[in-house]
Amino acid sequence: MKVLIVGSGGREHAIAASVAKSPKVTKIYCAPGNAGIGQIAECVPIGAMEFDKITAFAKENAIDLTIVGMDDPLVGGLIDCLEAEDLRAFGPRKNAAILEGSKAFSKDLMKKYGIPTAAYENFDNPEEALKYLETAKFPIVLKADGLALGKGVLICNTLEEAQEGVRSIMTDKKFGTAGNRMVIEEFMTGREVSVLSFVDGKTIQTMTSAQDHKRAQDGDQGLNTGGMGTFSPSPFYTKEVDEFCQKYIYQATVDAMAAEGRPFKGIIFFGLMLTEDGPKVLEYNARFGDPEAQVVLPRMKNDLVEVVEACIDGRLDQIDLQFEDNAAVCVVLASEGYPVSYQKGFPIKGLDSFDGKEGYYCFHAGTALNEKGEIVTNGGRVLGITAKGATLKEARANAYKATEWVSFENKYMRHDIGKAIDEA
Ligand code: AMP
Ligand code: GLY
């Protein structure tokens with residue numbers, strides 16, 4: 001089988017590494033990919049939003065399966081374009097990817113189908129939003145409706161902050177058209193957990209849990225980022241929590257989408273908050289998380305391609321999804337200054353230290369080859385250093401040990417990824 005993966009980050013490297021293990025696969029392409037993905041796949045210089053070029057490439061090269069890792073092309077309808085040409089593709093169609101593409105849609109869906117989430121109101125114009133705030137309780141959460149690179153959520157402690165937030169989202173359009181609508185919702189407290197799942201339109205099978213660290217600095221200080229590290233499983237995701245979510249959240253979401261005439265096939269990523277009143281949905285994503293995929297996929301025992309094909313064909317109920325009884329931790333090596341401004345183009349040394357080391361992974365996020373053929377830094381998040389261990393503590397120690405194997409100028413990382421584990 002020939003597989004095409006769309007995307008260029010650490011998540012896509014993790015997907016490519018899993019696909020490469022499948023005995024069914026003879027060739028992997030990635031559009032556009034990165035230097036690490038280029039070691040196991042042929043990277044083609046096509047951007048993830050160039051739907052016509054991706055579709056033409058898949059046709060010309062007789063691609064048997066295209067896996068779309070990123071949110072923007074999914075929400076934009078890349079799966080529909082591929083399917084229109086009778087190409088097999090994994091991911092939700094545009095009418096289902098709206099689960100991530102519009103927060104107002106997902107909140108209304110949860111309300112309509114009784115899926116636990118924070119209380120909220122949707123707004124189409126800033127005046128009404130500002131009026132609503134006058135009688136609201138603080139802190140309060142403002143969310144731009146559309147995709148905003150994970151940055152469209154503002155937690156406001158005072159009325160003044162919230163008024164400023166509404167203006168920046170809806171009037172000044174800080175997040176572009178994503179701010180044409182917005183959600184204002186109740187602030188929740190508790191542990192956050194991510195649960196990824198495979199969905200075939202009617203059946204859902206959840207993967208092992210994970211937890212992300214979104215803030216840039218130790219102690220959850222600093223700005224929000226795409227994710228500075230993850231661990232899996234989350235010790236806070238207990239059997240009881242799982243039972244609750246299986247009963248009231250997971251299947252309910254899949255059934256709700258089907259009932260709305262928007263059957264969901266692909267990955268649903270449930271961002272959950274474990275509140276005192278039980279687990280509630282913070283957000284849905286329509287794809288693997290980045291860097292959640294980096295700790296979840298290496299622990300999966302199944303052939304990823306087999307599971308993906310079962311989703312496409314609507315026979316996920318026949319798959320026995322299994323994960324290793326161990327743990328994994330991913331520490332992101334970033335460029336100092338991320339997520340604001342940073343320099344790139346620095347050579348990365350020590351990458352071959354990972355060769356032949358079972359249970360250690362160096363997933364590339366922002367890397368490229370320079371004209372001398374060296375692998376250099378090419379983004380804010382550069383590498384996702386991942387290690388497994390019998391326990392979370394062991395995985396954490398292994399991952400931090402492996403962060404020392406690689407070096408580049410302005411290398412930056414958090415030192416407390418998975419530290420919450422110690423408190424569990
Ligand atoms: P989202 O993109 O919706 O996951 O929001 C980004 C982050 O904002 C989440 O991971 C939470 O840490 C935080 N957040 C979002 N919604 C809420 C809420 N209702 N209460 C408290 N924190 C929230
Ligand atoms: N790590 C969070 C996300 O992928 O959205």
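Every number for a ligand or one of its atoms is a count from 1 in the order of the listing. Values in this document were obtained by computation on a predicted structure and should not be read as measured data.
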Enquirer: Please verify the inter-ring angle class for F198 with F90; under 30° counts as parallel, over 60° as perpendicular, anything in between as tilted.
Expert: tilted
Enquirer: Any nitrogen or oxygen of D290, side chain or backbone, less than 3.5 Å from one on ligand 2?
Expert: yes
Enquirer: Going by the order shown, which atoms of ligand 1 are within less than 4.0 Å of some heavy atom of M273?
Expert: 21 (C), 22 (N)
Enquirer: So if I apply the side-chain contact (heavy atoms from CB on, under 4.5 Å) rule between T367 and each of L383, I37, V376, which one comes out positive?
Expert: L383
Enquirer: So, do R396 and V331 sit near enough that their side-chain heavy atoms are less than 4.5 Å apart?
Expert: no
Enquirer: Output, in order, the C-alpha distance, side-chain angles, deciding distance and verdict of ring-ring contact (aromatic ring centres under 6.0 Å, His included) for Y132 and F123.
Expert: CA-CA 9 Å; Y132 174 83; F123 296 93; 5.1 Å; yes
Enquirer: In the protein, which heavy atom is nearest to atom 5 (O) of ligand 1, and how far is it?
Expert: V153 CG2, 3.4 Å
Enquirer: Do F269 and Y284 have ring centroids that are under 6.0 Å from one another?
Expert: no
Enquirer: Which of the atoms of ligand 1 are close to K143, meaning less than 4.0 Å from one of its heavy atoms?
Expert: 3 (O), 15 (C), 16 (N)
Enquirer: Is it the case that the side chains of S22 and D303 hold a donor-acceptor pair, with the cut-off being a distance below 3.5 Å and no angle test?
Expert: yes
Enquirer: Parallel, tilted or perpendicular for W405 and Y360, by the 30°/60° rule?
Expert: tilted
Enquirer: Which atoms from ligand 1 have a heavy atom of K214 less than 4.0 Å away?
Expert: 10 (O)
Enquirer: Considering only protein heavy atoms, which is closest to atom 2 (C) of ligand 2, and at what distance to one decimal place?
Expert: D212 OD2, 3.4 Å
Enquirer: Mark the output for G226 as yes if a heavy-atom distance to ligand 2 is under 4.0 Å, and as no if none is.
Expert: yes
Enquirer: Answer side chain, backbone, both or neither: which part of R11 comes under 4.0 Å from ligand 2, heavy atoms only.
Expert: neither
Enquirer: I'd like the name of whichever of L142, V141, I140 reaches closest to atom 18 (C) of ligand 1 through any heavy atom.
Expert: V141
Enquirer: Which atoms from ligand 1 have a heavy atom of E185 less than 4.0 Å away?
Expert: 16 (N), 17 (C), 18 (C), 19 (N)
Enquirer: ring-ring contact (aromatic ring centres under 6.0 Å, His included) for F231 and H213? Distances and angles first, verdict last.
Expert: CA-CA 9 Å; F231 59 90; H213 294 257; 5.8 Å; yes
Enquirer: Against T377, only a single residue in K344, E409, K411 fulfils side-chain contact (heavy atoms from CB on, under 4.5 Å); can you say which?
Expert: K344
Enquirer: Taking atom CZ of R381 and atom OH of Y342, what is their separation to the nearest 0.5 Å?
Expert: 10.0 Å
Enquirer: Could you check Y237, Y248, Y250 and say which one makes a ring pair (Phe, Tyr, Trp, His ring centres under 6.0 Å) with F270?
Expert: Y250
Enquirer: Give the atom numbers and elements of ligand 2 that come within less than 4.0 Å of a heavy atom of G289.
Expert: 4 (O)
Enquirer: Suppose I only count heavy atoms of E192 and a 4.0 Å limit; which atoms of ligand 1 are within that range?
Expert: 9 (C), 10 (O), 11 (C), 12 (O)
Enquirer: Give the atom numbers and elements of ligand 2 that come within less than 4.0 Å of a heavy atom of N285.
Expert: 5 (O)
Enquirer: Using non-hydrogen atoms of the residue, decide whether R287 is closer than 4.0 angstrom to ligand 2.
Expert: yes
Enquirer: Looking only at the side chains, is there a donor atom on one of T203 and D317 sitting less than 3.5 Å from an acceptor on the other?
Expert: no
Enquirer: Just to confirm, does any protein heavy atom lie below 4.0 Å from atom 7 (C) of ligand 1?
Expert: no
Enquirer: May I ask you to identify the nearest protein heavy atom to atom 20 (N) of ligand 1, giving residue, atom name and distance to one decimal place in Å?
Expert: M188 N, 2.8 Å
Enquirer: Which of the numbered atoms in ligand 1 are below 4.0 angstrom from a heavy atom of F187?
Expert: 20 (N), 21 (C)
Enquirer: So, R88 and T66: side-chain donor and acceptor under 3.5 Å apart, yes or no?
Expert: no
Enquirer: Mind checking whether T230 contacts ligand 2 via backbone (N, CA, C, O), side chain (CB onward), both or neither, at a 4.0 Å heavy-atom cut-off?
Expert: neither
Enquirer: Non-hydrogen atoms of G227 versus ligand 2: any pair closer than 4.0 Å?
Expert: no
Enquirer: Looking only at protein heavy atoms, which one is nearest to atom 14 (N) of ligand 1, and what is the separation?
Expert: L282 CD2, 3.9 Å
Enquirer: Have N302 and E306 got a donor and an acceptor in their side chains that come within less than 3.5 Å?
Expert: no
Enquirer: In terms of residue, atom name and distance, what is the protein heavy atom nearest to atom 13 (C) of ligand 1?
Expert: I155 CD1, 3.9 Å
Enquirer: Counting from 1, what ligand 1 atoms have a heavy atom of K103 closer than 4.0 Å?
Expert: 2 (O), 3 (O)
Enquirer: Taking only heavy atoms of E292 into account, list the atoms of ligand 2 that are under 4.0 Å away from them.
Expert: 1 (N), 2 (C), 4 (O)
Enquirer: Can you report which non-hydrogen protein atom sits closest to atom 2 (O) of ligand 1, along with the distance?
Expert: E283 OE1, 3.3 Å
